[in-house]
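Computed from a prediction, not measured in an experiment: that's the story for all the values here. Lettering follows sequence order; numbering is per chain, from 1. Just the heavy atoms: all of them, side chains too, but no hydrogens, waters or symmetry mates, feed the values below.
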Amino acid sequence: MDVTHILDPLNPAQREAVTAEPGHLLVLAGAGSGKTRVLVHRIAWLLATREAGPWGVLAVTFTNKAAGEMRGRIESILARPVGGMWVGTFHGIAHRLLRQHHQEAGLPDGFQILDADDQLRWVRRVMRDLDVDEARMPPRLVTGFINARKDEGLRPDHVDAAGDHGQDGVLEIWRAYEAACQRSGVVDFAELLLRAHELLRDDPTLLAHYRSRFGHILVDEFQDTNTIQYAWIRLLAGETGLVFAVGDDDQAIYGWRGARVENIQQFSRDFPGVRVIRLEQNYRSTGNILAAANALIAHNAGRLGKDLWTAGSHGDPVQVYSAYNETDEARYVAGRVIHLVEGGDRRDDIAVLYRVSAQSRAFEEALLSAGIPYRVHGGLRFYERAEIKDALAYLRLVANRHDDGAFERVVNVPPRGIGTRTVDILRGTARAEACSLWAAARRVLAAGGLGARAEKAVAAFVDLVDGLADALEGLVLEHQVEAMLGTSGLLEHYRNDKSDRAQTRVENLEELAVAAGVFRRGETLLPVELDPAASAEESAEPATGAVDPPRSALAAFLAHAALEAGEEQAGEWDDCVHLMTLHSAKGLEFPVVFLCGLEEGLFPHQRSSDDPNRLEEERRLCYVGMTRARRQLYLTHAESRRLHGAEHFTVASRFLREVPPDLIQEVRMRASVTRPAFQRGGVAEPRPRSRPADDGGGLRLGQRVAHPKFGEGVVLTYEGSGHHTRVQVNFDGAGSKWLVLSVAKLEPL
DNA sequence: TAAGGCAACTTTTTT
DNA sequence: AGTTGCCTTA
């Protein structure tokens, strides 16, 4: 097969990685150096040269998006669908293994997945059963503890409770939680990984099968792997599997959730003959942006070492703007966006990045009042919305009557007269009989242990779910969802609700039926190949039968909903400015980036400032943010910021000082800007830069002004200096106008 | 049982 | 400041 089209677009280092002889490979890929490209082309190369068949390839990522992109790009390079190859997230692949071998893994056929929110509810319930005071032991800490241990590959028995009362209590809850999950046939996210690992570890036949199958294991974002993921790769690779790991230690920003950058170094120790290839040519950013980012990250110790360079031009200097508060900061950004868009940029090309989500508010307000469309990324996702989870809970009950979490969630939603009192009785019975709530409900009904009213209500609920299960039989998935929405009374419940939020809920529920239809028709990316017969020769699977067992569309849809929370909003069509946290910006790039809130305490965050390791992670986060920018990078900070209600004076972030001054251009308020006098002395550190003194105009950002023709308005931003100073004013009546300050007769109010 | 009021808490997020 | 969970009252 002709491979020139696979190799031609690559630079020498990339090509070296893509065409490397069989062996373990570690690709240290700097930001914007073509990390994904190398991964994708490597797979295409393996397939094209017959080094591997699709069946022999396993590619793992962290997000569904990355997995989908990877598969798409491979197929587009090879210009055909590739069946048999496993491309997915760690969780998706673990899930697939467990489904296929649920018996060996000790799970029921229709086991379901708990998302973080479900897990918390389950832990709460267990704690209630055990009579543990939530005030003394916050459930969040408990789930955090459990997940952290599981991510380290540990079970309760492995954890030493030696004399620590607190931990002793957690272990008891943990054990009870595990028992409850096992009884109901549900599995949390961490359990997927842990159990898949144990499955392979403890079943030599299975392990041998998968080891012989997957000759090539490729891992994206290797610096983000945690202990169990690393162990899983190592186990699966064995002596024969070849691992192609791609990562960047400078972009490790998930230590706080168990990721271990050290896995990159560990890799070279655990796998014999690892070859290391560095990708240091950056294709994304201008020279100045790159130099700034390089200088910043150089302040971290113990890096593997990489120096990004670009063949491109220096570009503009990094712009630094000192705002006097967060409102001013947001106004500045909005003003620049207007300017950029007037200059021909798409809004879609612009991103505003910040450390904490709460910062989005100021930007949203400023953009809103400037009439600039924007989109905030990373809010509540579709399948995480309460009403959607309610609907899914009904479906889960239909699929598995013993799912206690689902039972409790909807037993009284919509309200049908089953209050805490009644549920307590059911819970008591369930505990006494060691059975599910569903079974308990039946027993209590049979034994007549309830008052007449409660009994009627519980009987009605039981009949409802049973009837629902019957009614759904034989229906196509989306009709099942519709029927459930109708019969359960959920849709009507929200229709009757006159609050404005209810309207959205109704729409979301209706959207769920649509999503089910899309899912069934396979228009969604499935973790399972839809086209196993893509190529007969490729589909010939070696030995042991591992065809995915047939599953009901409903069960598959439920797993999909748990594993892929979906995009937060459906409105991607618009040309919008992107607002997101630095964490969610990883992996993305934008021509123009505003990196905001560079203040001590906020970024680096207060809660990371005492620990040098966490501080370095903050710096990497800043590095990630800066390297998202292609052409223009703005760094902003505010001298005063309202946080949690109170006003705080701030000190500019050390990260600002770590960028060499010659790469920076101070954006000054070239027009007359005055700050309220009480704020002048409040800056904790005298800044070397000087802000031009008030030159008599008496105008400041946000100030209300009057114009003879346009009436009253608010000053949004400034541009230019001296006689050329232009001011943008948002007039109450006439909208937003640019005026030349020396000509327009603006009167401060 | 359901709705409304008050106190406590606020890093980052995927699966 | 704004949400979230808990507790009171009708």
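Nucleotides dT11(B) and dC6(C) have their C1' atoms positioned 25 Å apart, rounded to a whole Å. Rounded to whole Å, the P atom of dG5(C) lies 16 Å from the corresponding atom of dT12(B). Nucleotides dT13(B) and dT4(C) are separated by 15 Å at their P atoms, to the nearest Å.
For R303(A), the CZ atom counts as densely surrounded, since its 6.0 Å shell holds more than 12 non-hydrogen atoms of other residues, nucleotides or ligands.
Across all strands shown, T422(A) has heavy atoms under 4.0 Å from sugar-phosphate atoms exclusively, and none from any base. Residue E134(A) is classed as a sugar-phosphate contact, given heavy-atom separations below 4.0 Å to backbone atoms only. When heavy atoms are screened at a 4.0 angstrom cut-off, N412(A) is found touching the sugar-phosphate backbone but no base atom. Nucleic acid contact for R140(A): none, since no nucleic acid atom lies under 4.0 Å from a heavy atom of the residue.
For D115(A), the side chain to side chain donor-acceptor pair (under 3.5 Å) test picks out K389(A), with sequence neighbours left out. Not counting sequence neighbours, Y623(A) has no partner by the ring pair (Phe, Tyr, Trp, His ring centres under 6.0 Å) test. Residues passing the ring pair (Phe, Tyr, Trp, His ring centres under 6.0 Å) test with H578(A), sequence neighbours excluded: H377(A), F590(A). The salt bridge (charged side-chain N to carboxylate O under 4.0 Å, His left out) check on E384(A) picks up R381(A), with sequence neighbours excluded. In this view, R495(A) and E510(A) satisfy the salt bridge (charged side-chain N to carboxylate O under 4.0 Å, His left out) rule, not counting sequence neighbours. Under the rule for a salt bridge (charged side-chain N to carboxylate O under 4.0 Å, His left out), the partners of E134(A) that lie at least two apart in sequence or sit in another chain are R124(A). Taking the side-chain contact (heavy atoms from CB on, under 4.5 Å) definition, one finds that A180(A) meets it with W122(A), V126(A), R183(A), sequence neighbours left out. Listed by chain and residue number, W256(A), H583(A) satisfy the ring pair (Phe, Tyr, Trp, His ring centres under 6.0 Å) test with Y254(A) (two or more places apart in sequence, or in another chain). Every residue meeting the ring pair (Phe, Tyr, Trp, His ring centres under 6.0 Å) condition with F62(A), not counting sequence neighbours, appears here in chain and number order: F90(A).
Where DNA chain C meets chain A (any atom under 4.0 Å from a heavy atom), the bounding nucleotides read 5' to 3' are dA1(C) to dC6(C). Bracketed by its first and final contacts, the part of DNA chain B lying under 4.0 Å from non-hydrogen atoms of chain A reaches from dT1(B) to dT15(B) in 5' to 3' order.
Atom CZ of R620(A) and atom CG of L582(A) lie 14.0 Å apart (nearest 0.5 Å).
For the segment residues 582-589 of chain A, the set of residues with a heavy atom within less than 4.0 Å of an atom of DNA chain B comprises H583(A), S584(A), in numerical order.
When the nearest nucleotides of DNA chain B are assigned to L621(A) and I418(A) by heavy-atom distance, the more 5′-ward of the two goes with I418(A).
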